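What follows is a single structure, written as structure tokens, with notes after it.
Bear in mind the structure is a predicted one, so any value in this text is a computation, not a measurement. The basis for the numbers below is simple: all heavy atoms, side chains too, and nothing from hydrogens, waters or symmetry mates. Every chain is numbered from 1, with letters handed out A, B, ... down the list of sequences.
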Amino acid sequence: AGEPGEPGEIPTTYESFEDVLADADGQTVDLWMYGGDEQGNAYVDDVLAPAAAEEGVTLRRVPITDTADAVNRVLSERQAGRTDGSVDLVWVNGANFSTGRQAEAWRCGWTDLLPNMALTDQDDPLLQNDFGTPVDGCEAPWHKAQFTFFYNSAAITDPPTTLEGILEWARDNPGRFTYPAPPDFTGSVFLREVMLSTAGGAEEVPLDYSEETFDEHAPAALDALREVAPSLWRGGATYPRDEQALNTLFADGEVDIAMTYGPATLTDLVASEALPDTTKVLTLEEGTVGNASFLAIPANASDPAGAMVVANLALSPEQQAAKADPGTWGQFPVLDTARLDADQQSLFDDLPASPVVPSYDELSRNAHGELAADWVPALDEAWRQEVATTR
Amino acid sequence: MNHPLPGPGTGPEDHQGDTGESRSQRPGVDRDAGRERGLVYRRSVLLALPAVVPVVLVLGVSLVGASAQSLGLMPFIGPPVLSTRGWAGSAGELAKSATVSAYIAAASTVLSLVVGFAVAVYILAAPRMGRLVAGLSAATIPIPHLIGAGAMGLLLSDSGFLHRLLGMPAAFPALVGGPWWIAVISEYVWKESAFVALVVIGSMSRSMTGLCDSAATLGATAWQRIIHVVLPLSVPALAVSALIVFVYTFGAYESPWLLGPTSPEPLPVRAVRLFGSVDLDARPEAMATALVSVAASAAAILAGVGILRARRNVR
Amino acid sequence: MSSGLELRSVSHSFGGTDVLHDVSLTVPPSGCVALLGASGSGKSTVLRIIAGLDRPSAGQVLVDGDDMGAVHVEQRGMALVFQNALLFPHLNVIDNVAFPARMAGQRRAEARRHAMEYLELVQLADYAHRPVGKLSGGQEQRVALARALARNPRILLLDEPFASLDVQLREDMYDLIQNIRAQLAPTIVVVTHDRQEASILADSIAVLDEGRILQHGTVHQLHYEPATQMVNRLLGGLNAVPGHVSGGKHHSVLGQLPVQDTATDGPAFLIVRQEALRLIPPREAGSPTLKGSVSGITSLGARTLVRVSFTSGDPNPEPNPLAGKDPRVADLSSPDLSGPDGYGNGLTATLTVDVAGNPHLLLGQVVGVGLQEGRAWAVQA
Amino acid sequence: MSSGLELRSVSHSFGGTDVLHDVSLTVPPSGCVALLGASGSGKSTVLRIIAGLDRPSAGQVLVDGDDMGAVHVEQRGMALVFQNALLFPHLNVIDNVAFPARMAGQRRAEARRHAMEYLELVQLADYAHRPVGKLSGGQEQRVALARALARNPRILLLDEPFASLDVQLREDMYDLIQNIRAQLAPTIVVVTHDRQEASILADSIAVLDEGRILQHGTVHQLHYEPATQMVNRLLGGLNAVPGHVSGGKHHSVLGQLPVQDTATDGPAFLIVRQEALRLIPPREAGSPTLKGSVSGITSLGARTLVRVSFTSGDPNPEPNPLAGKDPRVADLSSPDLSGPDGYGNGLTATLTVDVAGNPHLLLGQVVGVGLQEGRAWAVQA
Amino acid sequence: MTAVLPAKRPVRPGTRDVSVQIRPVVRAGLGVLLVLWILAPLLPVVLWSVAGVWRAPAVTPDTYSVNAFASLGERATLRAGLASLGLGVAVAVVATPLGFLGALAAQSLPGRRGRAVDLILLAPLAIPPFALVLGANTTLLRLHVPAFAGVVLILVVTALPYTAFMYRSALAAYENQFEDVARTLGAHPRQVIRHVRVPLLATATARGFFLAFLVGWGDYVATLLVGGGQLTTLPMLLGAAASSTGNEQLTAVLSLSVIIPPVIILAAFGIPALTRKAVA
Ligand SMILES: Nc1ncnc2c1ncn2[C@@H]1O[C@H](COP(=O)(O)OP(=O)(O)OP(=O)(O)O)[C@@H](O)[C@H]1O
Ligand SMILES: Nc1ncnc2c1ncn2[C@@H]1O[C@H](COP(=O)(O)OP(=O)(O)OP(=O)(O)O)[C@@H](O)[C@H]1O
Ligand SMILES: [Mg+2]
Ligand SMILES: [Mg+2]
């Protein structure tokens, strides 16, 4: 953010990255991102921000508990007609991105300017669509993630290998399984995975949302969840508020299986003993959903050039490699190895392996893409109506 | 005949409070009194302005904004379209949420008053230990509800501190996320009772000790002194704090969100969830929910202030 | 320094109840008026109105002829010592007394020095640094007095200022007030229930009853020439013999007594102060007495009240029994009890006599009563 | 119903300051003791300790011989009327009076009926439904009294209960207390500054000074045979002639006067109450007088205090000037002013004489002073 | 209250009122219960702040560590602390006098108008903070109100009910007669306020100021949404830390860092003032 500009000012457009660099010099970029991830915070503060400073950009991290807060802020500012927005860059994906797009809150068409975009695979579906919403150059990829289950190997010797198996295991072990209540991000994903599973596979459900397809596929999933509910933790009378609450249950031995959309964090959680060292990742035969997360620039950002510089920097092999180090953050890179030169490749090859989390290749075997964002609220609301309130 | 005009800055209580009504012997008197009452009145209004104006402005803007959003008149995207969907679409859920909120607020208020008054009396009655309790109780006031709720969660949740202290019995009740909102209410009572005690002690005049002595020599036991002297003299303070506690717990979000069950949802939890929803169409509904909470609280305040002032006139 | 004070037809009511009716009162500059009156008669209200704390519902307060209506309390240059001391609880003793000086803009040290002098006057210099909550009742009253004096007022209003002081201290305080009067000569209005105090402090006494001024006159007038029986009672007069006045004489069980010229004919009480009567041994010759029998004895410590009952049928051998040196005293031997309205035809009357020490009398004993300085006064019944 | 009350060597201090020293006091069942004492001498503190509101730092309070140490205030069956009324602000007048009955478990209507009777006793039935904030000072005091009486206490403690009442009402209240005593016979301790009040109400008077009991005796004893000059002053005695006692006689400017047998030799004040003296016209024959000149006149309204000064060189033509009927009165014609310690060698002495009415004297006028009932009493100086 | 002091002298054997002897015991018991009630929820927080690993069913932490305290020394944390302090003081400085004026006006205005002022002063309580903020935010943004000023404005409105009602209840117990006395002693109205009313209401002022300070010190929602990221306060750090797994220790430490400074202020000058009875 910077000096308040006049309302109604047209956002500057840039023709070349040189222009961007010129403009960016001396700007202060406010990066709004979820602040609950200590490793993430440390990476931005200690690795990314110094690198940005070398390019003449001051990077300031604004910690928030929920990305929706950032989107709300941008929307409010736009509603008020402010062009000197306080948000310059957001770590975003999925529904929040889609919301912003609906509201035309993002600056678009700027990613092609970034030199480092050339290192990504332009055809990678994860980078093309964000939860079914075309990216259209409105956000620059940052890292990839894979929905992952994990279990306590001290309690379960013979873990299930499919989602159906997990539900069956839950029925056989009353009180030992639960999932976060949607609209928690992780809980929502679990819901969709169950739907894909009850539908007979990811390919059975079209990515695009329509009421017909919803009516066709959702009921089976909801039935399955309703059926398993009595066997869940607390008999399904209540659900953990969010992924963090589920993790606490897992750590305290209340449940034996948990899940996350950010497997990168598991390494550190186990290392710091926040999770038991018997924690093991559970890979499903049918694969799980994967996504990419991005850095987006609001249309009214007051320092867009600086934001672009940071986004470009974040895509550099050095930063991507540093970020992929499980000791730093462990986030899966978005770069296409094929496009890197040998030196750059070696940066990644030299990374230590995580003792808990398998490699991205292994995790993303049989992976499928996210459904369109419209699915998310529809399913969440249906779950609230039919599963959450029935007990 | 001229009456002394009250100087600037003092309240009209200098004049026994019953200005006007009783002075009607002479026509001139009435006129003067009337003029003066006008002055007192105008000065009081001036006094009120610095406080009232920001409140009215901020609340007015907020309420108008919220109402407009609830009616679809202030969408983030697209043209404004008047619609009552935010209200009518979920009337049943709104009612259910309102009931839950009312339950939490009522239970928390009653218990806070009881505990708060007990703390206040204890502080008055026990010289040494009372000071400790007073200090500790005052020390809980700075704790934000969010932290209080977190702490209460650590204490009361399944395999929380209490459960562990008791040796992890299987029959440990569902305090956090259970059907009776016990952890939520505990947190409110824990925090708000300290507030009640603060207000009650603050309202006690110096003569309280003398009056208790007086009551004792008239045969009132310690308990009777509390019930028949301390309690009635604390009623105004208790009433005001009851109002504040009720309205606060009715509209607060942190505790029920952290410590309550997934369903049913109190009004504020529902409003926040809907407001944060990725579906922009949920905003009108969020605002409608918030406005129901506002309306209920406003009704409570209206009733409370009415009762309070009526009581004061009786006294 | 001092100012004349005048109340002109002041009335006051508290929410419908009339508390003062048409009260008029004049206090000359440097004068001191004592306000006497029954409990609840409106004395404190009068002071509050003078001070400007309550506004009268009608009438005016004038100081040196100027209407105070528009003058603020604090500009009236008056000080009021309240019935309950009302010391500021947030200030200690000396700072309470220093308050007026502070308000007048003096610096703290100066104001305290000044205050200390006044504390010495009320004999509380040792208590200067006490919190006011730790004083006895009488100490509180004295601090309140010192505080009011420290204001150096033109007009000093005192509401029962010495009620909780012991005799000795009270006398010291009387001296203090006399000194203040001699030196600074403020105009003073003092409310008291103690007519002795009123007599000592005040030039004149005003008697208030149910919000009306019954009489305002000198100490002597009020004692010996009360306007009404109520005034007599409020001044501690115990003797009011019912009867009636006709032809300048009061007729009662006691006989006929010439009374003041201004007495109008009709039913009337004969007022004789108990202090003006004395007991005379019946045998003692040459002293005109009225014989009666002792019907009650109340010891007041150093003095004793003896009630003597008279019956109209009593033999009254000596003529002019009440005739002392006063030529007005007339023949009581043939009392005319047949007043036109039949008033005063009670067949017994009681006189209370105030005697020194213990008279060693028995109930029923026959004694003579003589009027020490021969005074008789009739008031309308 | 009533109980004996005893204080045994009670001491008390407020945070270091000693307020009571070794106070012992016995009140027989149904007895009434008046506590007299200077302001701040600890009277209120004594009552609070008896009531159990303060715990003494040493000593015991016994009721009927039982130590009250462990008995709570409300179980002591006492009622205390505080110096400042302390009415409950949240209750109106009648509910204040009904309070004790309510505490004892009576229902509201019953308690109010009961309370109404007491309100009638204090003449405030009309004020039953007033908020207590709207009472005058005297009305508050009476409500407090009614409330205490309504408790029907075994022991009634009164702290200056009538200080703000007018004479008439005060007398009514005395009657009320007498009635209560006659009917319910509670044991009473009453603090007062009014020795007349003390004389009327109490069987005996205890005088407190600086936290010590100086004397406890009958009304008569305290007036005429005070233990110390302080007691004399607190009881309003104005005459203390310095001199010394030797051989059963007091020597002073006034001459030699036989005093009580128990007087020890040494410097002493001669105590003569002003009420026991009278002025005698110097010419009046046959009446032994001491001649002096009028040095001051203070009008007390119905009475007057006349100060008469005597000089040792004054011619005293008549022998035995103070000799009334008292055989103890001795020859004053040759005063021996050479006490061993030189005490009492002042060459003038002043006697104050309390006379009825206005004696019409001039300053400097020579008058004779006679002792009405011949009393002389010496206390150690 | 001397009236309920325990009897110091032991009762002689065989005398009455044994029940009287129990009362101090009951009272001590009650005291212990109250202390427990107040401290119980804080205990796990304190333990967590020094816990390394602490998993059920361990009653006390499995391992201890004070690592998280190091984060308190970080520049960002200190800056956040300063920001919180500034916000709290700003809110209190504005809301306390406004609350006083409002309370005075509410008390002196008759009937319906007084009630209206009362209602308006209490009204902010009725509006949940998020609704207040979201409703007002757009307008604040539109008017280009600087972020800090906007946050302060919103929080002042939130804090007003507290300051106003501290004064309301103190004024109710306040003896107007003291002002009468002061005026007869020559104090003009402004002096009456300065020398009588203000000191007599000092306790209420301390309380009101403190509560208003806490509104600013502990705020999250308004700081986030109105502050627009310009203002990073302790609660913002805390909120972020609390929303993830494995951060219990940091969360606990940050919680303590939010709680302890006001408690220190309280202990230093506040406790007597806050727990004392009203002066008047
Ligand atoms: N709470 C207290 N702390 C310290 N000293 C006190 C306290 N209360 C009273 N005193 C002191 O104790 C002494 C006795 O007080 P007490 O009230 O018993 O006097 P008193 O005889 O009733 O006087 P008065 O006739 O003026 O009412 C006084 O000197 C007073 O200053
Ligand atoms: N605030 C009030 N509201 C209504 N009536 C009142 C108020 N204050 C006093 N009164 C009444 O007015 C009358 C006069 O009161 P005031 O205080 O002037 O009496 P007072 O002569 O001073 O009596 P006392 O000697 O008992 O102090 C009393 O009957 C009292 O009950
Ligand atoms: Mg009065
Ligand atoms: Mg006393």
Got a list of side-chain donor-acceptor pairs under 3.5 Å for residues 117-133 of chain E, not counting sequence neighbours?
unit_1   : atom_1 : unit_2   : atom_2 : d
E:Asp118 : OD1    : E:Arg168 : NH1    : 2.4
E:Asp118 : OD2    : B:Arg309 : NH1    : 2.9
E:Asp118 : OD2    : E:Arg168 : NH1    : 2.8

Report which part of B:Val115 has an atom under 4.5 Å of a heavy atom belonging to chain E: side chain, backbone, both, or neither.
side chain

Identify which part of B:Phe250 has an atom lying under 4.5 Å from any heavy atom of chain E, answering side chain, backbone, both or neither.
neither

Can you tell me which portion of B:Tyr253 sits under 4.5 Å from chain E's heavy atoms? Options are side chain, backbone, both or neither.
neither

May I ask you to name which of E:Gly102, E:Gly218, E:Ser255 has the most heavy-atom pairs under 4.5 Å with chain B?
E:Ser255

Closest heavy-atom pair, E:Val157 versus B:Pro54, reported as atoms and distance to 0.1 Å, is CG2-O, 3.8 Å

Sort B:Leu243 into side chain, backbone, both or neither according to what part of it lies under 4.5 angstrom from a heavy atom of chain E.
side chain

Output for pair (B:Leu132 CG, E:Ile38 CD1), nearest 0.5 Å, gives 8.0 Å

With chain E, which of B:Leu291, B:Val119, B:Val272, B:Val56 has the greatest number of heavy-atom pairs at distances under 4.5 Å?
B:Val272

Atom group of E:Leu160 that falls short of 4.5 Å from chain B, counting heavy atoms:
side chain

Hey, does the side chain of E:Arg207 reach the backbone of B:Leu198 with a donor-acceptor pair shorter than 3.5 angstrom?
yes

Please state whether the side chain, the backbone, both or neither of E:Leu214 comes within less than 4.5 Å of a heavy atom of chain B.
side chain

Atom group of E:Val221 that falls short of 4.5 Å from chain B, counting heavy atoms:
neither

Among E:Ala103, E:Pro235, E:Gly114, single out the residue with the greatest number of heavy-atom pairs under 4.5 Å to chain B.
E:Gly114

Answer with side chain, backbone, both or neither: which region of E:Trp48 has an atom nearer than 4.5 Å to a non-hydrogen atom of chain B?
side chain

If one checks every heavy atom of E:Leu43 against chain B at 4.5 Å, the contacting part turns out to be side chain

Where on B:Ser186 is there a heavy atom nearer than 4.5 Å to chain E: the side chain, the backbone, both, or neither?
backbone

Where does B:Val189 contact chain E at under 4.5 Å (heavy atoms): side chain, backbone, both or neither?
both

Would you say E:Trp37's side chain and B:Trp190's backbone share a donor-acceptor pair under 3.5 angstrom?
no

Between side-chain atoms of residues 135-153 of chain B and protein atoms elsewhere (two or more places apart, or another chain), which donor-acceptor pairs fall under 3.5 Å?
unit_1   : atom_1 : unit_2   : atom_2 : d
B:Thr140 : OG1    : B:Ser137 : O      : 2.7
B:His145 : ND1    : B:Glu187 : OE1    : 3.2
B:His145 : ND1    : B:Glu187 : OE2    : 3.2
B:His145 : NE2    : B:Glu192 : OE2    : 2.8

Greatest number of non-hydrogen atom pairs under 4.5 angstrom with chain E, of B:Val199, B:Leu46, B:Leu302, B:Val58, falls to B:Val58

Name the region of E:Arg55, side chain, backbone, both or neither, that has any atom closer than 4.5 Å to a heavy atom of chain B.
backbone

Residue-level interface, residues 155-163 of chain B with chain E, non-hydrogen cut-off under 4.5 Å:
B:Leu155, B:Ser159, B:Phe161

Bottom line for B:Leu63: the part with an atom under 4.5 Å from chain E's heavy atoms is side chain

Max heavy-atom pairs within cutoff under 4.5 Å with chain B, candidates E:Trp217, E:Phe165, E:Phe100, goes to E:Phe165

Are any non-hydrogen side-chain atoms of B:Ile244 and E:Tyr162 less than 4.5 angstrom apart?
yes

Would you mind checking which part of E:Leu140 comes under 4.5 Å of any heavy atom in chain B, side chain (CB onward), backbone (N, CA, C, O), both or neither?
neither

Going by salt bridge (charged side-chain N to carboxylate O under 4.0 Å, His left out), name the residues that satisfy it together with B:Arg164, two or more places apart in sequence or in a different chain.
A:Asp252

Could you look at B:Val240 and say if it's the side chain, the backbone, both or neither that has a heavy atom under 4.5 Å from chain E?
side chain

Mind listing the closest non-hydrogen atom pair of E:Ala136 and B:Val61 along with its distance?
CA-CG1, 3.9 Å

Sub-4.5 Å side-chain heavy-atom contact between E:Val35 and B:Met129:
yes

Between B:Ser297, B:Gly65, B:Gly251, B:Ser62, which has the largest tally of heavy atom pairs under 4.5 Å with chain E?
B:Ser62

Heavy atoms of other groups near E:Arg142 CZ, more than 12 under 6.0 Å:
yes

